[in-house]
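Note that the structure is predicted; figures quoted are calculated from it, not measured. Positions are given from 1, in the same order as the sequence printed here.
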Amino acid sequence: MKKTTWFLPLLLLAACSSDSGQSNGKGEANAEINAPNTCSLVLLDKSVSINANDPYIRQKYQQALATLISENIKRKGDRLDVYFIHDNTAKAKALERVCQSEKEDVSSANQTDAEAAETSFAVSLQKEQAKFQREATAQLAAPNPSSSNRYTDILASLPVANRLAERGFRVKTYYFSDMIESMRGTNRRDFHTAPPASSAQAESWARQDAERLKPTLPKLTEVEFYTILPFQPTASSKTNNPNITLYWETLLRELGVSKRLEEL
């Protein structure tokens, strides 16, 4: 009896550990299933200040597109929205694609069937990612000969991102742009003719604009923002104005965006 009494608790402990491991595995799988889908909001600058056919810009932009699609389009329901930035950005949706590749539930399948299902899903997902990339790259190269290219309404992208967040997506916003806002009218900025002259002015303007915009953008706090700038690493501060970058960093922070604006 003495030999069996110490052995029984060990068996019970092993069984509990095994159940716990299975529960954790199922918990992680359920967490992935229940997590919000990602929406990649890609904004392509189609104003006259950007030449998408420049070899440096074309290569940088194409690589960034490939990377964000690979990282963000991972399962059924993940989404890619492409908008053009010009004088009517809010109405300039150029592409909308939703991933249809779905991973089968293989929790009760044998190893062979599970591996076959995983392979089938991987192949399907890779095909969709490649298709999304081709279509997005085509939009990248699309010219904009219309008069809409005279102005650059980047601020109009913020309500678009806010609406997507309101629909429950994890929104990741990517600006393929020089970030030079250029609009005329009351409460608008034209950084082509009047860029912020100092860091203090950039921060002051950003706070003024954020105070006006914040009441209409309650879900923007959850959105992630990235820039893919067209400038060479050797570009001067006159070309790649740090005060303009500071304006956007400050604006998003004042709007409550938790993650800092990141340049890719």
Side-chain angles (χ1 to χ4, degrees), residues 14-44 52 58-84 92-142 157 160-176 219 222-228 259 262-264:
C16 290
S17 299
S18 177
D19 290 343
S20 176
Q22 290 177 1
S23 298
N24 289 338
K26 290 180 180 179
E28 291 174 1
N30 289 335
E32 181 180 351
I33 292 171
N34 295 326
N37 283 109
T38 298
C39 178
S40 303
L41 176 58
V42 171
L43 295 129
L44 305 178
R58 183 172 65 248
Q59 181 178 4
K60 183 176 182 179
Y61 279 11
Q62 288 178 353
Q63 181 59 53
L65 276 175
T67 299
L68 74 88
I69 289 172
S70 175
E71 291 179 350
N72 298 340
I73 306 298
K74 291 288 189 67
R75 60 191 176 104
K76 185 175 182 179
D78 287 343
R79 174 168 165 161
L80 173 69
D81 283 17
V82 177
Y83 279 72
F84 290 161
K93 182 187 286 188
L95 185 69
E96 177 186 317
R97 293 292 180 265
V98 180
C99 181
Q100 300 300 321
S101 298
E102 187 171 13
K103 185 182 293 187
E104 294 182 32
D105 180 3
V106 295
S107 57
S108 59
N110 60 45
Q111 183 176 351
T112 301
D113 290 344
E115 290 177 354
E118 288 284 350
T119 300
S120 177
F121 169 72
V123 170
S124 175
L125 181 63
Q126 189 175 39
K127 287 181 178 178
E128 279 203 275
Q129 289 174 339
K131 181 174 182 288
F132 287 12
Q133 184 178 341
R134 287 195 303 272
E135 293 179 334
T137 300
Q139 297 302 328
L140 182 63
S157 67
V160 177
N162 185 78
R163 287 195 299 271
L164 289 167
E166 286 178 333
R167 293 175 59 181
F169 289 102
R170 177 191 178 189
V171 182
K172 302 174 78 171
T173 303
Y174 299 86
Y175 292 104
F176 290 71
K219 296 291 285 185
E222 303 170 15
V223 178
E224 299 172 35
F225 290 89
Y226 304 89
T227 58
I228 301 91
K259 185 173 181 180
E262 183 178 343
E263 182 181 348
L264 301 180

For this session: Applying side-chain contact (heavy atoms from CB on, under 4.5 Å) between K60 and each of L65, I228, L264, report the one that passes.
Result: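 The side-chain contact (heavy atoms from CB on, under 4.5 Å) with K60 is passed solely by I228 among L65, I228, L264.
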Problem set entry | Passing option when C39 is tested against L164, V223, V98, T173 for side-chain contact (heavy atoms from CB on, under 4.5 Å) |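 One option only clears the test, and that one is L164.
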Establish, from distance only, whether the side-chain atoms of [X] and [Y] form a donor-acceptor pair under 3.5 Å.
{"X": "Q62", "Y": "T137", "value": "no"}
{"X": "E224", "Y": "Y226", "value": "yes"}
{"X": "N72", "Y": "T38", "value": "no"}

Rounded to the nearest 0.5 Å, what separation is found between the [atom1] atom of [X] and the [atom2] atom of [Y]?
{"X": "N37", "Y": "I73", "atom1": "CG", "atom2": "CD1", "result": "9.0 Å"}
{"X": "F121", "Y": "K76", "atom1": "CZ", "atom2": "NZ", "result": "11.5 Å"}
{"X": "E262", "Y": "K172", "atom1": "CD", "atom2": "NZ", "result": "9.5 Å"}
{"X": "Q139", "Y": "R134", "atom1": "CD", "atom2": "CZ", "result": "13.5 Å"}
{"X": "T67", "Y": "Y174", "atom1": "OG1", "atom2": "OH", "result": "9.5 Å"}
{"X": "Q100", "Y": "K127", "atom1": "CD", "atom2": "NZ", "result": "15.0 Å"}

Exercise. Could you walk me through whether R97 and E135 pass the side-chain contact (heavy atoms from CB on, under 4.5 Å) check?
Worked result: CA-CA 9 Å; R97 293 292 180 265; E135 293 179 334; 2.7 Å; yes
Problem set entry | Worked verdict on R79 versus E96 for side-chain contact (heavy atoms from CB on, under 4.5 Å) | CA-CA 7 Å; R79 174 168 165 161; E96 177 186 317; 3.4 Å; yes
For this session: Could you walk me through whether V171 and E222 pass side-chain contact (heavy atoms from CB on, under 4.5 Å), step by step?
Result: CA-CA 8 Å; V171 182; E222 303 170 15; over 6 Å; no
Please find the pair of heavy atoms, one from [X] and one from [Y], that lie closest to each other, and give the distance.
{"X": "L68", "Y": "L80", "answer": "CD1-CD1, 4.4 Å"}
{"X": "G168", "Y": "P36", "answer": "O-CB, 3.3 Å"}
{"X": "G77", "Y": "F169", "answer": "O-CE2, 3.9 Å"}

Exercise. Any sub-3.5 Å donor-acceptor pair from D81's side-chain atoms to S40's backbone N or O?
Worked result: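 No.
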Exercise. Looking only at atom types and distance, does a side-chain atom of S120 sit under 3.5 Å from a main-chain N or O of A116, one as donor and one as acceptor?
Worked result: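 Flag not set: sc S120 to bb A116 has no pair under 3.5 Å.
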Problem set entry | Pair L41-Y83, side-chain contact (heavy atoms from CB on, under 4.5 Å): steps then yes or no | CA-CA 8 Å; L41 176 58; Y83 279 72; 3.6 Å; yes
For this session: Answer whether the closest heavy-atom distance between the side chains of L125 and C99 falls below 4.5 Å.
Result: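 Yes, close enough: below the 4.5 Å cut-off.
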For this session: Would you check if E102 and R75 make a side-chain contact, meaning some heavy-atom pair closer than 4.5 Å?
Result: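 The answer is no, as the side chains (C-beta and beyond) never meet within the 4.5 Å cut-off.
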Exercise. Parallel, tilted or perpendicular for F225 and Y175, by the 30°/60° rule?
Worked result: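 Plane angle under 30°, so parallel.
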Problem set entry | CD/E263: more than 12 non-hydrogen atoms of other groups inside 6.0 Å |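 Yes.
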Exercise. Around K93, counting heavy atoms of other residues, nucleotides and ligands shown, do more than 12 lie under 6.0 Å from its NZ?
Worked result: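 Atom NZ in K93 is crowded, with more than 12 foreign heavy atoms closer than 6.0 Å.
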